[in-house]
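Encoded as structure tokens, the structure appears first; notes follow it.
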Amino acid sequence: MNNLIRLVLGMLSMAVFAALSLFLGGCGGASLPSSYAQVDAEPDIWPDYKGVTVPPNIAPLNFLVDSVDDVVAEFQTGDAKVQKVYGGDANKVQIDEREWREMLLSARGKSLSVTVYTKREGKWSAYRPFTIHVAEEEIDPYISYRVLPPTFVGFDELSICQRNLTSFEETTIYNNRLICDDLEGQCINCHSYQNYGTDNMMFHMRLEHAGTMIVSDGELIFVDLKTESMISAAAYNSWHPSLPVIAFSTDHTMQSFHTRDVTKVEVIESASDIVIYDVKKNRVQVVLCDSTEMELFPSWSPDGKWLYYCSAHYEYEGEYEDTSELLERYKTLQYRLYRLSFDAGSMTFGEPELVYDAVERNRSAVQPRVSQDGRYVLFAEGPWGLFHIWHPTADIQVLDMQTGQLLDTAPMNSARAESYPSFSSNDRWILFESRRDDGNYTRTYIAYFDAEGRLHKAFEVPAEDPEYFRLLLRSWSRPEFMKEPVRITPGQFLEKARTEPIKAEESSR
């Protein structure tokens, strides 16, 4: 009887294992077809991961093939030490995370070869293999971004989220629905971090419970940064790499909506200046306030000795800040890149120094970021204005400060809008937002920037379900690299937001 019980239990275990293997077909349970027709072309996969270079600590590059009944993919390292087959779940290839990490470890500094087999109407086809290159250099493990619906004037649903790039874990940093449920809502924006860490970070709150949420050495404070000398509350920002100092632009922002233009909306600054805020002293100091210059997007160099920014020269023909005039002349607003030297001892700045004259190219350069060694300046460039995600011809550019020349960024860019770029902490990866997928929704992309200064084909942030971004009727915007997750909880941010913000003081300097 005991032998009979053991036999039955063994058969049940085998049945459960077989069923589980079938259920986890995307986790190594698939098998290659025994017969197929060879196709002399690479497959069309989504997202497009063909020929990309990825970090050795990235999450699995799951993908799908449209209009097929079944798909399997064979992954192989160059020396054939690792060979895995995934698929068997309709048209999707979803890879086991543990096995993917083993494959990347084996292929680090080398490549993976991927052969895709598809089945249509009972017949299998095999496509020419494509390559996924695996870089030696890792990527910062976290990113954060805003998640918002495609609205232009309402903030009824908006969150700042963070994603672990080494897995598919996504958590919420803060969600405006926690504190406000009306149609106007609460805008939350401009999240940023000091040196990719989260013990010093910030984001703004607008409309309901307005103020700036700042984490300073792990302590949460809520500040009203508007002072008498500022034209508005603080906006675009950058943390000094070593000091408790944040540079801000302060702006009068307006929107203009198109009725017959693919760009849909134009965001315009009618006036903008630059200030710095000492977090510990709670003091604001004006840096730039020329009424004929629209200065914004401040960005510290990693050594803390330079403050980069962009500025558009504009002299009003009529009254100052005549918005009707601006709406007629908004295409003349083109931004150049500048920088100011900074003395940390005296907290003083030098004179503006031109870094890149985009206007000479009839273009507009914004959102500068500087590499760790100071050699490269990364920025977004479009036809005019500052919100290039609305401009289909906008690209990401990289300026070599040693040669004064732009690098070839064609492998990274697309025929649609790219914007808001940033370097990883080791400079080997560039994170940016793009509308290349469908022209409407903003998605997050990553490109390898090798030590020789070459840009490589960009790839979309991997998703556990390869259909995720196709079905997500939300944009991921303003991505930022992080070395660690935000540890302050949404509840703690909520509790602080319900208090009265501390009023910032004016510096006498």
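Identified under the side-chain hydrogen bond (donor to acceptor under 3.5 Å, both in side chains) test for residues 459-468, with sequence neighbours left out: Lys92-Asp465, Lys92-Glu467.
We find the NE2-CG distance between His204 and Asn189 to be 6.0 Å, quoted to the nearest 0.5 Å. Expressed to the nearest 0.5 Å, how far CD of Glu315 lies from OG of Ser291 amounts to 8.5 Å.
Geometric assessment of Arg369 against the ring of Phe423 yields a negative cation-pi assignment under the 6.0 Å and 45° thresholds. Judged by the 6.0 Å and 45° rule, Arg339 forms a cation-pi pair with Trp306.
Using a 4.0 Å cut-off between a side-chain N of Lys or Arg and a carboxylate O of Asp or Glu, Arg283 and Glu506 do not qualify as a salt bridge. Comment: Arg487 engages Asp199 in a salt bridge, judged by a side-chain N to carboxylate O separation of less than 4.0 angstrom. Taking the charged nitrogens against the carboxylate oxygens, Lys483 and Asp140 have no contact shorter than 4.0 Å, which rules out a salt bridge. Comment: Glu360 does not engage Arg336 in a salt bridge, judged by the lack of any side-chain N to carboxylate O separation of less than 4.0 angstrom. Asp400 has a carboxylate O that lies under 4.0 Å from a charged side-chain N of Arg375, or vice versa, which qualifies the two as a salt bridge.
Using a 30° and 60° split on the angle between ring planes, Tyr196 and Phe481 fall in the tilted class, from 30° to 60°. Ring geometry for Phe449 against Tyr376 counts as perpendicular: the plane angle is over 60°, on a 0 to 90° scale with 30° as the lower cut. Using a 30° and 60° split on the angle between ring planes, Tyr145 and Trp476 fall in the parallel class, below 30°.
In summary, the side chains of Arg470 and Tyr441 do not present any donor paired with an acceptor at a separation below 3.5 Å, with no hydrogens or angles considered. Side-chain atoms of Gln372 and Asn426 form no donor-acceptor pair, as typed in the model, at a separation below 3.5 Å. Checking Tyr174 against Gln186 by side-chain atom types alone, a donor-acceptor pair falls below 3.5 Å. Under 3.5 Å, the side chains of Arg435 and Thr442 contain a donor-acceptor pair of N or O atoms. Looking only at atom types and distance, the side chain of Glu328 has no donor-acceptor partner in the side chain of Ser324 under 3.5 Å away. Using a 3.5 Å distance cut-off with no hydrogens or angles, the side chains of Asp251 and Ser232 do not pair a donor with an acceptor. In summary, the side chains of Ser144 and Glu480 do not present any donor paired with an acceptor at a separation below 3.5 Å, with no hydrogens or angles considered. Counted by atom type alone, Ser434 and Arg436 present one or more donor-acceptor pairs between their side chains at under 3.5 Å. Looking only at atom types and distance, the side chain of Ser346 has a donor-acceptor partner in the side chain of Asp343 under 3.5 Å away. For the 3.5 Å distance criterion, the side chains of Glu433 and Ser477 fail to qualify, holding no donor opposite an acceptor. Checking Lys457 against Thr53 by side-chain atom types alone, no donor-acceptor pair falls below 3.5 Å. Judged purely by distance below 3.5 Å, without hydrogens or angles, the side chains of Thr489 and Gln492 pair a donor atom with an acceptor atom. The closest side-chain donor-acceptor pair between Ser311 and Glu293 falls under 3.5 angstrom. Side-chain contact annotation: Gln397 with Tyr356, donor-acceptor N/O pair under 3.5 Å absent. A donor-acceptor contact closer than 3.5 angstrom links the side chains of His252 and Glu321.
By the side-chain contact (heavy atoms from CB on, under 4.5 Å) test, Thr393 pairs with Arg363, Pro383, sequence neighbours left out. Scanning for side-chain contact (heavy atoms from CB on, under 4.5 Å) contacts around Lys331 gives Trp384, with sequence neighbours left out.
When each of Leu296, Ile274, Leu307 is checked for a side-chain contact (heavy atoms from CB on, under 4.5 Å) with Leu288, only Ile274 meets the rule.
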